[in-house]
Each structure stands twice: as structure tokens, then as C-alpha cells.
Amino acid sequence: MDKMNFCIVGLGLLGGSYAMALTEKGHTVTAVDVREAAIDWARRRGIITEGATDGFEPLLERADAVVICLYPDIAAPWLREHQRHFKPGVLITDVCGVKGHYVDEVQSFLREDAEFIACHPMAGREVSGVEYADCAMFRVANFLITPTAKNTRRGIAFAHALADDLGFARVTELTCAEHDKVIGYVSQLTHAIAVSLMNANDDPHLVDYTGDSFRDLTRIAKINDRLWSELFFANREVLCDEIDAFTASLLDLREKLAAGDEAGLRALFVKSTERRRLFDK
């Protein structure tokens, strides 16, 4: 990708990791955030050239590309309010974990001389804040692009080039509806299971007994309550369907166990082992 001027809006874990990777690739990166401490931290470490908590309009006016790293419920309103400061031809992308009506909403009000191409970096950690930024987490991660009929070849090519410069291992295009369906299963359901595991037993001494399997299964239970409640509600119908399907699968296992059906139980283990091997390639 040709060298560009990026403005990151929301300098948290993902925004900071984007800034770090893009700066390493030689792009100019500025940032907007509500925390002055976040701006100062990133500037001192050289992952942004400048940033602001207010009076940031000049940063937007100079940006060739704007990356929205905000909570889902404020991303569209922020864009609606500040799009007047974007320069003509600006490319806008995001990191939002649910696309749904949000992408349609943004593309419905966005200026004709600007383009919004929605993306979802499938990377993260159980911590928040730019202080934990680390672009190395992208190297084994998937990057999802969700183009619509309103996107141009230029916009889609930009999204692919962005994923490449960020260092993602794999890039996939899918529709917004396909995205929300698969994310309901591979991301939101897994978080729901991890949360439920931690809430199903209040023994304060579990930490003294547990092994790696429990630690691995519940790693993501240390969760950002505001962000994930927004994501769950934004994809509520899909997630409820996935919870029902998972519950049916778990009950099937329970029935085989209760009935003493060893062959049936082992068949489930064989199937799960075969499917999990696909992730090891």
C-alpha cells in the first residue's frame, strides 16, 4: 500500500495496535481519544506523530484514511457528526464486532465523496487500553472484510492492503449477514460459554484446583462488560439461536452419558477431534 496519512479514532488496545503496525510500515499516524494519557503514551513511544482529545478537526482534514475504533453504540453517531471534516476521497474503516444495520446506517448518511468499508480484525486480549498495544497479535489472526454494493474496487482493495500492512495471517470477504452469523458462533457464543462457566460455580478455591483446560476455556471470561453487552444485544437473535444449538449439543452429550452409551459418546469425541484438527494446519 502506498504511504498514507491515517487517523485512528479511539486509541485503545486495537487502535493502538493498528497505530503501531501502520507506523512500522512507514505510514503517518495520528489519533483521537478521550484520554490525554493515551495520546501522550502513544506519542512518547513514537507510534503516533500527534493526537488530540478535542480540537482534532485538523487531524481529520489531513487524513487519507480514518479508522473508527469506538464502541458500537457511538461509532455511527460520531461519524455522522464529524464527517464534515473529512477531506474528499477519504477512506473510512472500523473494527466493530457486529455489522448488521450499523453498516447500512453509516453508508446511508455518509457523504458521497467518502467511502466506508467495514472490517473486523479477529484479534484481541483480555485487557484494554493503548498501554497494552501489540501488533504481534495480528500475525496469527484472521481479518474479515464485509463489503456492500456501495463499496468500490478502490475501497475493497484498500481493505486488503490494510490487512496486509497490519500483518494479518488470513483475509476473508463475506457479507454483513454472513459475518454476524459466523461471529455469533465463533466469538460471541464462546464468550457466553466462558462467562457461564465462571458463573456456574462460586467456589472461591477453584483457582487452587484447576488445570490448563479450565484456564484455557475461561480465559475470555475476563470481559469488558460494556463492550460485550453492546455486541451481544446488537446480534441478539443470532446469538440466541447459537446458544439454543449449543444447548442441544450439550444435552445430546448428557443423554449419551446418562444412558451409558459409550459408543455414542466416543463418536462425539472422534467428531470433535477431527474438526479441531482443521485449526492446527
Trainee: Given side chains that start at C-beta, do those of H179 and T175 come closer than 4.5 Å, heavy atoms only?
Mentor: no

Trainee: More than 12 non-hydrogen atoms from neighbouring residues, nucleotides or ligands closer than 6.0 Å to CG on D202, yes or no?
Mentor: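 12 or below, so no.
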
Trainee: My understanding is that only residues two or more places apart in sequence, or in another chain, count here; which of them pass side-chain hydrogen bond (donor to acceptor under 3.5 Å, both in side chains) with Y71?
Mentor: N224

Trainee: Membership question, hydrophobic clusters at under 4.5 Å side-chain separation (ILVMFWY): are L206 and L197 in the same one?
Mentor: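 In one cluster with L197: L206, no.
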
Trainee: For F214, does the CZ atom sit with more than 12 other heavy atoms under 6.0 Å from it, leaving out its own atoms?
Mentor: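 Count over threshold, so yes.
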
Trainee: Taking atom types as modelled, is there a side-chain donor on R170 or N142 under 3.5 Å from an acceptor on the other?
Mentor: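 N142 and R170 do have a side-chain donor-acceptor pair below 3.5 Å.
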
Trainee: For residues M137 and L14, determine if any side-chain heavy atom of one lies less than 4.5 Å from a side-chain heavy atom of the other.
Mentor: yes

Trainee: Distance-only criterion, 3.5 Å: show the donor-acceptor pairs between side-chain atoms of residues 158-169 and protein atoms not counting sequence neighbours.
Mentor:
unit_1, atom_1, unit_2, atom_2, d
H160, NE2, E173, OE2, 2.7
D165, OD2, H27, NE2, 2.7

Trainee: For a side chain to side chain contact (heavy atoms under 4.5 Å, CB included) with L79, tell me which candidate from I74, D94, I92 qualifies.
Mentor: I92

Trainee: Between E131 and R35, does at least one N-O distance fall below 4.0 Å, as a salt bridge requires?
Mentor: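 Between R35 and E131 there is a salt bridge, with a charged N closer than 4.0 Å to a carboxylate O.
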
Trainee: Could you see if F6 belongs to whatever hydrophobic cluster contains F143? Use Ile, Leu, Val, Met, Phe, Trp, Tyr and a side-chain cutoff under 4.5 Å.
Mentor: yes

Trainee: For the CG atom of L22 and the CD1 atom of I48, what is their distance to the nearest 0.5 Å?
Mentor: 12.5 Å

Trainee: Restricting to pairs with a member in residues 224-240, which pass salt bridge (charged side-chain N to carboxylate O under 4.0 Å, His left out), not counting sequence neighbours?
Mentor: D73-R226, R226-E230

Trainee: For Q83 and R111, indicate whether the former's side chain and the latter's backbone hold a donor-acceptor pair under 3.5 Å.
Mentor: yes

Trainee: Can you tell me how far apart CZ (R84) and CG (L60) are? Round to the nearest 0.5 Å.
Mentor: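 Taking CZ in R84 and CG in L60, the distance rounds to 10.0 Å.
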
Trainee: The criterion is side-chain hydrogen bond (donor to acceptor under 3.5 Å, both in side chains); which residues satisfy it with K25, sequence neighbours excluded?
Mentor: none

Trainee: Taking D33 for its side chain and A38 for its backbone only, find out whether a donor-acceptor pair lies under 3.5 Å.
Mentor: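 Here the side-chain-to-backbone pair does not exist.
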
Trainee: Taking Y185 as the starting point, is it possible to reach L268 by hopping between hydrophobic residues whose side chains are less than 4.5 Å apart?
Mentor: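 Unlinked, L268 and Y185 end up in two clusters.
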
Trainee: Membership question, hydrophobic clusters at under 4.5 Å side-chain separation (ILVMFWY): are M122 and M20 in the same one?
Mentor: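 Shared cluster, no.
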
Trainee: Would V90 and I68 show up in the same hydrophobic cluster when neighbours are defined by side-chain heavy atoms closer than 4.5 Å?
Mentor: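 Yes, same cluster.
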
Trainee: Would E115 and T152 count as a side chain to side chain contact (heavy atoms under 4.5 Å, CB included) if you check the C-alpha gap in whole Å, the side-chain angles of each, and the deciding distance to 0.1 Å?
Mentor: CA-CA 8 Å; E115 181 172 354; T152 65; 2.6 Å; yes

Trainee: Any Lys/Arg nitrogen of K87 or D113 sitting under 4.0 Å from an Asp/Glu carboxylate oxygen of the other?
Mentor: no

Trainee: Just wondering, more than 12 heavy atoms not from R44 lying within 6.0 Å of its CZ?
Mentor: yes

Trainee: Please determine whether a side-chain nitrogen of the Lys or Arg among K181 and E242 lies less than 4.0 Å from a carboxylate oxygen of the Asp or Glu.
Mentor: yes

Trainee: Please give me the minimum heavy-atom distance between I8 and A19, naming the atom from each residue.
Mentor: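 For I8 versus A19, the nearest heavy atoms are CG1-CB, 4.3 Å.
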
Trainee: Which heavy atom of Y102 sits nearest a heavy atom of A76, and at what distance?
Mentor: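 Minimum heavy-atom separation between Y102 and A76: CE1-N, 4.1 Å.
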
Trainee: Can you check whether I117 reaches I156 side chain to side chain, under 4.5 Å on heavy atoms?
Mentor: yes

Trainee: Does the side chain of V130 reach to within under 4.5 Å of the side chain of I47, using non-hydrogen atoms?
Mentor: yes

Trainee: Does a side-chain N-to-carboxylate-O contact under 4.0 Å join D280 and R277?
Mentor: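 Answer for the salt bridge query: no.
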
Trainee: Whether the side chain of S249 engages the backbone of F246 through a donor-acceptor N/O pair (distance < 3.5 Å, no angle test) should be reported.
Mentor: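 Not at all, since once roles are kept as given, no pair shorter than 3.5 Å links the two residues.
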
Trainee: Could you walk me through whether H120 and I183 pass the side chain to side chain contact (heavy atoms under 4.5 Å, CB included) check?
Mentor: CA-CA 10 Å; H120 184 186; I183 290 303; 3.8 Å; yes

Trainee: First locate atom OG of S108, then atom NZ of K150, and finally report the distance between them rounded to the nearest 0.5 Å.
Mentor: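 S108 atom OG to K150 atom NZ measures 6.0 Å (nearest 0.5 Å).
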
Trainee: Testing the basics here: between S128 and Y132, what is the closest heavy-atom pair and its distance to 0.1 Å?
Mentor: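 Reported closest heavy-atom pair: O-CD1, 3.1 Å.
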
Trainee: Is there a donor-acceptor pair closer than 3.5 Å between any side-chain N or O of K99 and the backbone N or O of C96?
Mentor: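 Judged by distance alone, yes, a pair lies under 3.5 Å.
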
Trainee: About how many Å separate CD of E105 and CZ of R80, when rounded to the nearest 0.5 Å?
Mentor: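 Between atom CZ of R80 and atom CD of E105 there are 6.0 Å.
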
Trainee: Under 3.5 Å, is there a donor-acceptor pair between the side chain of T247 and the main chain of I243?
Mentor: yes

Trainee: With no hydrogens and no angle check, is any side-chain donor or acceptor of D64 less than 3.5 Å from a backbone partner on M4?
Mentor: no

Trainee: How many angstroms lie between atom CG of L217 and atom OG1 of T190, to the nearest 0.5 angstrom?
Mentor: 10.5 Å

Trainee: Going by side-chain hydrogen bond (donor to acceptor under 3.5 Å, both in side chains), name the residues that satisfy it together with D203, two or more places apart in sequence or in a different chain.
Mentor: none

Trainee: Should the pair R125-D134 be classified as a salt bridge under the 4.0 Å nitrogen-to-oxygen rule?
Mentor: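 Between D134 and R125 there is a salt bridge, with a charged N closer than 4.0 Å to a carboxylate O.
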
Trainee: Give the intermediate values and the outcome of side chain to side chain contact (heavy atoms under 4.5 Å, CB included) for residues H191 and I223.
Mentor: CA-CA 8 Å; H191 281 77; I223 195 167; 3.8 Å; yes

Trainee: Please check if the side chain of N151 supplies one atom and the backbone of F116 the other of a donor-acceptor pair under 3.5 Å.
Mentor: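 Yes; at least one donor-acceptor contact below 3.5 Å.
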
Trainee: May I ask you to test the L265-L253 pair for a side-chain heavy-atom distance under 4.5 Å?
Mentor: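 Result yes, sub-4.5 Å side-chain heavy-atom pair found.
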
Trainee: Got more than 12 heavy atoms from elsewhere within 6.0 Å of CZ, R139?
Mentor: no

Trainee: If I compare all heavy atoms of A194 with all of I220, which pair ends up nearest, and what's the gap?
Mentor: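 In terms of heavy atoms, the two residues are closest at CB-CG1, 3.6 Å.
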
Trainee: Examine distances only and state if a side-chain atom of S272 and a backbone atom of F269 form a donor-acceptor pair shorter than 3.5 Å.
Mentor: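 Present.
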
Trainee: Could you label the plane-to-plane angle of the F232 and W228 rings as parallel, tilted or perpendicular, counting under 30° as parallel and over 60° as perpendicular?
Mentor: perpendicular

Trainee: For F109, does the CZ atom sit with more than 12 other heavy atoms under 6.0 Å from it, leaving out its own atoms?
Mentor: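 Atom CZ in F109 is crowded, with more than 12 foreign heavy atoms closer than 6.0 Å.
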
Trainee: With N235, which residues qualify under side-chain hydrogen bond (donor to acceptor under 3.5 Å, both in side chains), at least two apart?
Mentor: Q188

Trainee: Kindly indicate whether the side chain of C119, heavy atoms from C-beta on, has any atom under 4.5 Å from the side chain of L144.
Mentor: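 No. Closest side-chain heavy atoms not under 4.5 Å.
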
Trainee: Any side-chain to backbone donor/acceptor pair from T218 onto A221? Under 3.5 Å, distance only.
Mentor: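 Pair absent, no side-chain N/O of T218 close to backbone of A221.
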
Trainee: Are the side chains of C176 and T148 in touch, meaning some heavy atoms are under 4.5 Å apart?
Mentor: yes

Trainee: Should L11 and C69 count as side-chain neighbours, where that means a heavy-atom distance under 4.5 Å?
Mentor: no

Trainee: Between E36 (side chain) and T53 (backbone), is there a donor-acceptor pair under 3.5 Å?
Mentor: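 No; zero donor-acceptor contacts below 3.5 Å.
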
Trainee: Check L227 against P72 and note the closest heavy-atom contact, atom names and distance.
Mentor: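 Minimum heavy-atom separation between L227 and P72: CD1-CD, 3.7 Å.
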
